[in-house]
Amino acid sequence: MRDARLYNSLTRQECIIGTRLALSFYSCGPTVYDDAHIGNFRSFLNADILRRTLELLGHRVKHVMNITDVGHMTEDSSADGGGEDKMAVAGRRLAEAKKSGKLPPGASADIDPSSPTAIADFYAARFLEDARHLGLKVAIEAEAIRTSGGNPDTLMPRPTRCIPQMVVMIEQLVAGGHAYVAQDGAVYFDVRSFPAYGRLSGNTLDQLREGAGDRIDAAHQAVKRHPADFLLWKPDSKHLMRWPSPWGEGYPGWHIECSAMARMLLGDEIDIHSGGEDNIFPHHECEVAQSCCATSLPVFARHWFHTRHLQVEGEKMSKSKGNFFTARDLFAKGVTPAALRLELVRTHYRSNANFTMQGLQDCQRMVDRWSRMQAQLVGSAKQSVAAGEHLDPGPLERALAQFTEALCDDLNVSRAIAALNEAVGAPPEAHTSVCPHRELASLLAMDSVLGVLGRNTPVAGAAPAQSPEFISAVETLITQRAAARAAKDWPESDRVRAELTKLGVAVKDGPQGATWSMA
RNA sequence: GGCCGCGUACCCAAGUGGCCCAAGGGGACGGAUUGCAAAUCCGUUAUUCGUGGGUUCAAAUCCCACCGCGGCCUCCA
């Protein structure tokens with residue numbers, strides 16, 4: 001088995017990723033107060049590319065991605081539970097949308113905006129749908145488990161259903177002297193009890209104290225032993241979502257969820273942990289501290305994989321700049337999942353990627369080219385019964401080796417794609433006289449990582465449907481034009497095409513007659 | 001204020017001391033094909049890597065300064 005070299009945020013150098021056959025992989029997933037945007041998906045899809053690469057190399061990967069459905073606080077600058085519950089904010093937004101009749105498409109009219117569970121379920125379902133369209137394998141697997149009557153939480157756990165495991169972990173931390181109940185009744189992690197705190201992010205406790213500045217709420221800070229101590233359990237009898245615990249009814253801190261769920265599903269020590277770069281501190285730093293202290297092991301995740309942020313048209317993505325996109329927004333415009341997936345993963349995960357509409361089109365053309373190659377190979381393979389073991393490897397078979405090598409080199413997707421493109425663009429004669437079965441298998445092996453060939457059609461129901469009247473009007477014009485062309489009446493043919501263009505219809509003449517699509 | 005990353009053609013983007021007068025894709029342009037288009041195919045498109053210095057026989061790649069962009073420093077993928 002070939003070894004993949006991958007940059008590890010923890011050691012700050014490239015290292016060989018686990019050589020064992022079976023690997024465990026935990027990814028920080030979405031929060032479900034709103035639809036996931038393309039920046040979120042860049043992080044999730046890069047984790048997916050890593051997972052698929054490891055599988056291409058022959059590993060068996062158990063990949064877990066959580067769906068955070070606990071309502072955290074909006075103004076929780078001190079990590080101590082201030083502000084408003086985000087799920088309540090989402091509920092209010094939904095309630096307003098409901099009143100004004102502007103519920104997001106697909107939202108059931110009887111959704112109860114005052115129920116946090118209903119809101120979380122609503123957005124979780126939408127996330128899973130987007131994720132499956134984009135080929136996020138863990139979401140596809142979880143769906144398969146669900147439809148066969150199993151429990152999808154084993155791959156995509158929900159914190160609200162894992163509270164007992166979190167409570168157990170917090171109890172262990174308290175018992176081990178790593179956590180304490182403060183005067184305000186809340187349970188905090190004692191960062192000074194874990195000397196390695198700060199190793200992942202490079203932050204030292206001193207720097208944190210300096211950098212904390214005015215964002216720390218003095219009232220909360222006063223009860224903690226160290227300003228960097230973070231919340232594990234917040235007793236709050238009025239909170240929107242609350243559960244019983246030895247420290248009173250309340251809710252868990254933000255960081256304990258992932259530690260508890262990773263442990264529950266993957267064990268005390270895991271091979272790979274992924275997330276966006278902004279998760280490094282404080283979230284992942286705190287996870288390491290909690291997990292190591294609860295398990296008494298020196299290591300929690302052996303390898304940390306962080307994806308850098310996505311920019312849009314060269315700028316930071318933000319709602320106010322009008323460059324904020326969810327996957328659903330783009331699907332609704334007719335963007336294919338294949339093109340979006342490729343656009344989001346084709347830049348190296350440790351560089352800031354720049355999402356552009358032009359780039360999306362570039363990706364669409366690449367996918368189209370690969371699809372044509374696939375169709376051509378399927379056709380040749382049908383005619384050639386026997387696998388040509390004796391024939392020399394073709395361009396795609398040779399490209400597969402380069403493709404794999406590029407991915408093994410810190411997941412160099414750009415170079416991998418270049419290898420594929422070069423093979424597809426090889427002169428036509430290079431593609432004949434080689435075994436089409438082996439060529440096709442090589443193409444599909446590359447696509448098992450890229451994951452685009454099966455997703456090159458617009459999402460059903462996403463593009464605005466045309467009325468039957470419109471369609472029949474277009475068909476009539478197409479027929480008229482065909483008649484004109486048959487009579488070689490070119491001016492009439494062009495006149496009809498101009499009319500179609502006015503309707504927003506583009507017409508293309510192919511060997512099987514004309515086809516049309518909305519321009 | 002502290003820490004960190006980045007800046008390669010019209011656009012996206014690989015390359016991190018000699019194989020680079022810099023991969024791959026898109027676009028543009030020229031040609032083939034087509035009634036004309038579309039699609040497809042063939043070809044052209046950076047002596048140069050943010051700017052200015054330096055190190056070296058050799059720099060896009062290392063060092064310094066400056067300019068620009070981005071991330072983190074208890075919401076965030």
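Just so it is clear, the values below take in all heavy atoms, side chains as well, and ignore hydrogens, waters and symmetry mates. None of the values given here were measured: they were computed from a predicted structure. Here is how names work: the chains are called A, B, and so on, in the same order as the sequence lines, proteins then strands, and each is numbered from 1.
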Problem set entry | A:Arg5 CZ to A:Ile16 CD1 distance, which is reported to the nearest 0.5 Å | 6.5 Å
Problem set entry | Presence of donor-acceptor pair under 3.5 Å, side chain of A:Asp509 and base of B:C36 |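 Result: at least one qualifying N/O pair found.
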Searching all strands shown, indicate the nucleotide that pairs with [N] (Watson-Crick or G-U wobble; both distances under 3.5 Å).
N	result
B:U51	B:A65
B:U34	none
B:C20	none
B:A77	none
B:U45	B:G27
B:A39	none
B:G70	B:C4

Exercise. So, A:Glu129 and A:His133: side-chain donor and acceptor under 3.5 Å apart, yes or no?
Worked result: no
Exercise. Just checking, is any N or O donor in the side chain of A:Ser371 or A:Asp368 under 3.5 Å from an acceptor N or O on the other one?
Worked result: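 A:Ser371 vs A:Asp368: no donor-acceptor pair found between side chains.
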What interatomic distance, in whole Å, is found between [atom1] of [M] and the corresponding atom of [N]?
N	M	atom1	result
B:G52	B:C57	P	23 Å
B:C6	B:C49	C1'	14 Å
B:A77	B:U8	P	28 Å
B:C29	B:C10	P	16 Å
B:A38	B:C19	C1'	42 Å
B:G25	B:G43	P	11 Å
B:A13	B:A9	P	11 Å
B:G17	B:A60	P	13 Å

Quickly work out the [X] [atom1] to [N] [atom2] distance and round it to whole Å.
X	N	atom1	atom2	value
A:Leu500	B:A37	CG	C1'	13 Å
A:Leu360	B:A13	CG	P	14 Å
A:Arg415	B:G25	CZ	P	16 Å
A:Leu310	B:C12	CG	C1'	12 Å
A:Arg199	B:C3	CZ	C1'	18 Å
A:Gln402	B:G15	CD	P	15 Å
A:Met366	B:U40	CE	P	14 Å
A:Ile417	B:A23	CD1	C1'	13 Å

Exercise. Can you tell me if CZ on A:Arg350 sees more than 12 non-hydrogen neighbours from other groups inside 6.0 Å?
Worked result: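 Above 12, so yes.
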For this session: Could you list the residues that satisfy salt bridge (charged side-chain N to carboxylate O under 4.0 Å, His left out) with A:Glu475, not counting sequence neighbours?
Result: none
Identify the pairs formed between an N or O of the protein and an N or O of nucleotides 68-71 of chain B at a distance under 3.5 Å, and give each distance.
residue, atom, partner, partner atom, Å
B:G71, OP1, A:Lys316, NZ, 3.0
B:G71, O2', A:Glu277, OE1, 3.1

Output one line per pair: protein atom, nucleotide atom from nucleotides 27-32 of chain B, and distance, for all N/O pairs under 3.5 Å.
residue, atom, partner, partner atom, Å
B:G27, OP1, A:Arg365, NH1, 2.3

Exercise. What's the closest nucleotide to the A:Arg369 side chain, out of B:A77, B:G25, B:G35?
Worked result: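 Ranking B:A77, B:G25, B:G35 by closest atom to the A:Arg369 side chain puts B:G25 first.
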Problem set entry | Side chain of A:Trp490 - closest among B:G35, B:A77, B:G24 |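 Side chain of A:Trp490 sits closest to B:G35.
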Is the side chain of [X] donor-acceptor paired with the backbone N or O of [Y] at a distance under 3.5 Å, no angle test?
X	Y	result
A:Asp410	A:Tyr7	yes
A:Asp229	A:Val191	yes
A:Glu285	A:Ser201	yes
A:Asp48	A:Lys137	yes
A:Arg42	A:Arg308	yes
A:Ser493	A:Arg481	no

Considering every strand and a 4.0 Å limit on heavy-atom distances, what is the contact class for [X]: base, sugar-phosphate, or nothing?
X	result
A:Asn354	sugar-phosphate
A:Gly359	nothing
A:Ile280	nothing
A:Asn46	nothing
A:His283	nothing
A:Thr347	sugar-phosphate
A:Ser493	base

For this session: Would you mind reporting whether A:Leu10 and A:Val288 have side-chain heavy atoms less than 4.5 Å apart?
Result: no
Exercise. Hey, do the aromatic rings of A:His255 and A:Phe189 have their centres closer than 6.0 Å?
Worked result: no
Exercise. Between A:His37 and A:Phe324, is the ring centre distance below 6.0 Å?
Worked result: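 A:His37 vs A:Phe324: aromatic centres under 6.0 Å.
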Exercise. Taking OP1 and OP2 of B:U40, is either one under 4.0 Å from a side-chain nitrogen or oxygen of A:Arg372?
Worked result: yes
Exercise. Do any side-chain nitrogens or oxygens of A:Asn421 fall under 4.0 Å of OP1 or OP2 in B:G24?
Worked result: no
What N/O pairs connect the protein and nucleotides 59-62 of chain B at under 3.5 Å? Give each pair on its own line.
none

For this session: Take A:Phe44 and A:Phe127 through the test ring pair (Phe, Tyr, Trp, His ring centres under 6.0 Å) and record every step on the way to the result.
Result: CA-CA 11 Å; A:Phe44 306 146; A:Phe127 169 76; 5.6 Å; yes
Exercise. In terms of the angle between their ring planes, are A:Phe281 and A:Tyr197 parallel, tilted or perpendicular, with boundaries placed at 30° and 60°?
Worked result: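 Rings of A:Phe281 and A:Tyr197: perpendicular, as their planes differ by over 60°.
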Exercise. Of the residues in residues 481-488 of chain A, which ones touch RNA chain B at a heavy-atom distance under 4.0 Å?
Worked result: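 Heavy-atom cutoff 4.0 Å gives A:Arg481, A:Arg485.
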Problem set entry | Results of side chain to side chain contact (heavy atoms under 4.5 Å, CB included) for A:His309 - residues two or more places apart only | A:Glu277, A:Asp278, A:Asn352
